[in-house]
Protein chains: 2
Amino acid sequence: MLLAERQNHILEQLNIKGKIYAAELAIQLKVSEDTIRRDLNKMGEANLLRRVHGGALPLQQTSPDYIDRLKNPDPRKKRFAEAGVLLLKAGQTVLIDSGETCLYLAKLIPTDLQITVVTGCPLIACELSHHEKVEIILLGGRFFKPALRCVGKGTIDMLRKIRFDISFFGIYALHLKHGFSVNYFEEAEISQVVIEQSDKIVVMGGADKLDKTSSHQIAPVHALDLLITENTADINVINKLKDTGLEIIKV
Amino acid sequence: MLLAERQNHILEQLNIKGKIYAAELAIQLKVSEDTIRRDLNKMGEANLLRRVHGGALPLQQTSPDYIDRLKNPDPRKKRFAEAGVLLLKAGQTVLIDSGETCLYLAKLIPTDLQITVVTGCPLIACELSHHEKVEIILLGGRFFKPALRCVGKGTIDMLRKIRFDISFFGIYALHLKHGFSVNYFEEAEISQVVIEQSDKIVVMGGADKLDKTSSHQIAPVHALDLLITENTADINVINKLKDTGLEIIKV
DNA sequence: CATTGTTTTGCATGTTCCTGCATGTTTTTT
DNA sequence: AAAAAACATGCAGGAACATGCAAAACAATG
């Protein structure tokens, strides 16, 4: 196994489990603990994880709380959401995915706009409970904590009964060849159905998410309609995405 | 469990409960009290919390909560919830209704208790997203803002597929003759189904809610199993409720 | 292909850190 | 004032660690 491959595996595990033990990794990857320790130390210095005695934790483990993060909003994500909310028109039925950018989007919906919002994320439902004119449909099902949203058969059954004028997603990874992808199978499964049921798909994400891949593909690029990203995004990547027919807004 | 992980957990608990006891943490985290004390002392020196005899307090009373009401917690409702949470046993499937008392109940579920919680209230789902061992099933449907919960056919369909070992409700009105009732038809409709599907029904509410009526009956008193109320409740009313077979806990 | 240099890895060494227990002290409660 | 709870301290075993070194793996060069 290659060094880089091993370190990728470590990051993946960390993402999934939220913590990792050096001893456990040594067995899993069939190398000595010393090697793992050296990996963890290097990755710690590179600010890819938080090195602690016995293993490592994700960088932001201290406040994985979306609610906390909303107090220190990422200005980029806020701008994406601001651009996104302009696409909404009265009377529409809109799906909003989970994630920080989508949460901003929900927050920014004008209180006097009469639309129906469908979401599997209870945080977004709570956020919208102050919007008197917004009708909220919550997708039920098993609550999947890593993505803060509902997943599973129940969720999909509910989804299939609804058609959306427009759907919004935050981007975890978007790649010209490998499409729009995320870390968890359960998430991908749901999003695929959403895309089938939607007239228009809007994805929002920064330059760091473009030309990146993840394990579970949701859809190829040509299934998407509009990308909201930032000015700093690589112009070559942007142009190639445009060539597939994807409309692009830079903020 | 990693040291850093443990300290994260302590901070989280502190955020949620507003206070922590060293002895309690030792049991929860399965380490000796000495270890907890050392953690607390270190974190105190690092200015992450205020160390006090017996445990620790947050630096400044923060309440990152969505509902404004929670900022001025009603100590009675907190006590009801404390009594309620003692009824939970590992492996159970539990329904938790919406409302302030129920929200406290959710907050107070031990983080190491492995249960399945079903709720139609997204707030409760968010609250429980920190509880690693708790499986959450969110009842979807149309979000009914006055009651901060989901209602409607979709919700009922999901409900009918689940049986509950125990169900918890906050009381809006409980009357010897007119039973357990609420203000909204939609709410009553859901709660009726819940009661059909539950082995045990627990209702929680103060003296002001007893001997009171509201427009939509959920169930007669004899359909309920346990009432958690306060000492100040009228002894005559209590006795008459007892005569119907209702078990009563006063806190 | 052989050689050279670099990087990575596992092992051995000694060190540091974490934890639980025992001891005695302080604080709180009765 | 006595009892109980919470505490501080020191100690010991074990786990995790850093370090140096040599073998192995790899890449690059002639």
Side-chain angles (χ1 to χ4, degrees), chain A residues 1-62 64, chain B residues 1-61 75 78-79 82-83 85-86 108 110-112 132-133 231 250-251:
Chain A
M1 171 174 271
L2 300 168
L3 180 145
E5 195 181 346
R6 194 176 55 229
Q7 299 197 349
N8 267 341
H9 178 95
I10 293 175
L11 278 183
E12 237 175 68
Q13 286 291 306
L14 195 57
N15 237 326
I16 295 169
K17 297 190 182 168
K19 67 180 171 186
I20 41 175
Y21 302 96
E24 198 180 305
L25 282 171
I27 297 169
Q28 264 184 40
L29 301 172
K30 287 169 190 134
V31 290
S32 74
E33 285 190 39
D34 303 75
T35 303
I36 296 294
R37 266 195 286 275
R38 273 186 279 245
D39 285 340
L40 293 181
N41 287 343
K42 271 193 182 168
M43 295 165 82
E45 279 165 34
N47 244 313
L48 295 169
L49 46 74
R50 188 158 74 93
R51 180 73 164 103
V52 296
H53 196 95
L57 293 171
L59 279 180
Q60 294 189 332
Q61 172 81 26
T62 37
Chain B
M1 172 173 267
L2 300 167
L3 179 146
E5 196 186 350
R6 194 177 55 228
Q7 299 196 348
N8 276 346
H9 177 96
I10 293 175
L11 276 183
E12 241 173 60
Q13 284 292 304
L14 196 56
N15 237 327
I16 294 169
K17 298 192 180 168
K19 66 183 170 185
I20 42 175
Y21 301 96
E24 197 181 306
L25 283 171
I27 297 168
Q28 261 187 42
L29 300 171
K30 288 171 188 128
V31 291
S32 74
E33 285 189 39
D34 304 75
T35 302
I36 296 293
R37 268 196 285 274
R38 272 186 280 245
D39 283 339
L40 293 181
N41 288 342
K42 271 193 183 167
M43 294 164 82
E45 281 165 30
N47 243 314
L48 295 169
L49 46 75
R50 193 157 70 86
R51 182 73 164 101
V52 295
H53 196 95
L57 294 170
L59 280 182
Q60 81 272 37
Q61 230 18 1
K78 224 169 181 172
R79 279 201 302 277
E82 279 163 11
V85 85
L86 295 177
L108 291 176
T111 43
D112 60 342
E132 269 188 47
K133 295 226 171 177
N231 286 311
K250 292 190 218 171
V251 292

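The chains referred to below are lettered A, B, ... by the order of the sequence lines, with proteins before strands, and numbering in each begins at 1.
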(message) For dC18(C) and Arg6(B) - does any side-chain N or O of the residue sit under 4.0 Å from the phosphate oxygens OP1/OP2?
(response) no
(message) It should be established whether Arg51(B) places a side-chain nitrogen or oxygen under 4.0 Å from OP1 or OP2 of nucleotide dC7(D).
(response) yes
(request) In whole angstrom, give the distance that lies between atom CD of Glu33(B) and atom C1' of dA8(D). (result) 14 Å
(message) I need the CG-C1' distance between Leu25(A) and dT9(C), as an integer number of Å.
(response) 17 Å
(message) Under 4.0 Å from OP1 or OP2 of dT9(C): is there any side-chain N or O of Arg37(A) that close?
(response) no
(message) Would you say Lys30(A) places a side-chain N or O within less than 4.0 Å of OP1 or OP2 belonging to dT9(C)?
(response) no
Name every donor-acceptor pair, under 3.5 Å, that has one atom in a side chain of residues 48-57 of chain B and the other anywhere in the protein, sequence neighbours excluded.
unit_1: Arg51(B); atom_1: NE; unit_2: Asn41(B); atom_2: OD1; d: 2.7
unit_1: Arg51(B); atom_1: NH1; unit_2: Gly55(B); atom_2: O; d: 2.9

(request) Take the protein atom CD of Gln7(B) and the nucleotide atom C1' of dC18(C), then report the distance between them rounded to whole Å. (result) 11 Å
(message) Expressed as a whole number of angstroms, how long is the span from Asn41(A):CG to dT9(C):P?
(response) 14 Å
(request) Figure out the OH/C1' separation between Tyr21(A) and dC18(C), and round it to whole Å. (result) 14 Å
(message) Tell me the closest heavy-atom pair linking Met43(A) and Gln7(A), and the distance in Å.
(response) CE-O, 3.4 Å
(message) If I take atom CG in residue Leu2(B) and atom P in nucleotide dC17(D), what distance separates them, rounded to the nearest angstrom?
(response) 9 Å
(message) Tell me the closest heavy-atom pair linking Pro58(B) and Gly18(B), and the distance in Å.
(response) CD-O, 3.1 Å
(message) Side-chain N or O of Thr35(B) versus OP1/OP2 of dT19(C): is the shortest distance under 4.0 Å?
(response) no
(message) I want to confirm an ordering. Mapping Ala23(B) and Asp34(B) to their closest nucleotides on DNA chain D, which one lands closer to the 5' end?
(response) Ala23(B)
(request) Send over the distance from His53(B) NE2 to dA8(D) P, rounded to a whole Å. (result) 9 Å
(request) Please state how far atom CD1 in Ile36(A) lies from atom C1' in dA18(D), giving the value in whole angstrom units. (result) 17 Å
(request) May I ask you to test the Gln13(B)-Gln28(B) pair for a side-chain heavy-atom distance under 4.5 Å? (result) yes
(request) Measure from the side chain of Leu3(B), starting at C-beta and using heavy atoms only, and say which of dA8(D), dT8(C), dC18(C) lies closest. (result) dC18(C)
(message) Atom CD of residue position Glu132(B) - does it have more than 12 heavy atoms of other residues, nucleotides or ligands inside 6.0 Å?
(response) no
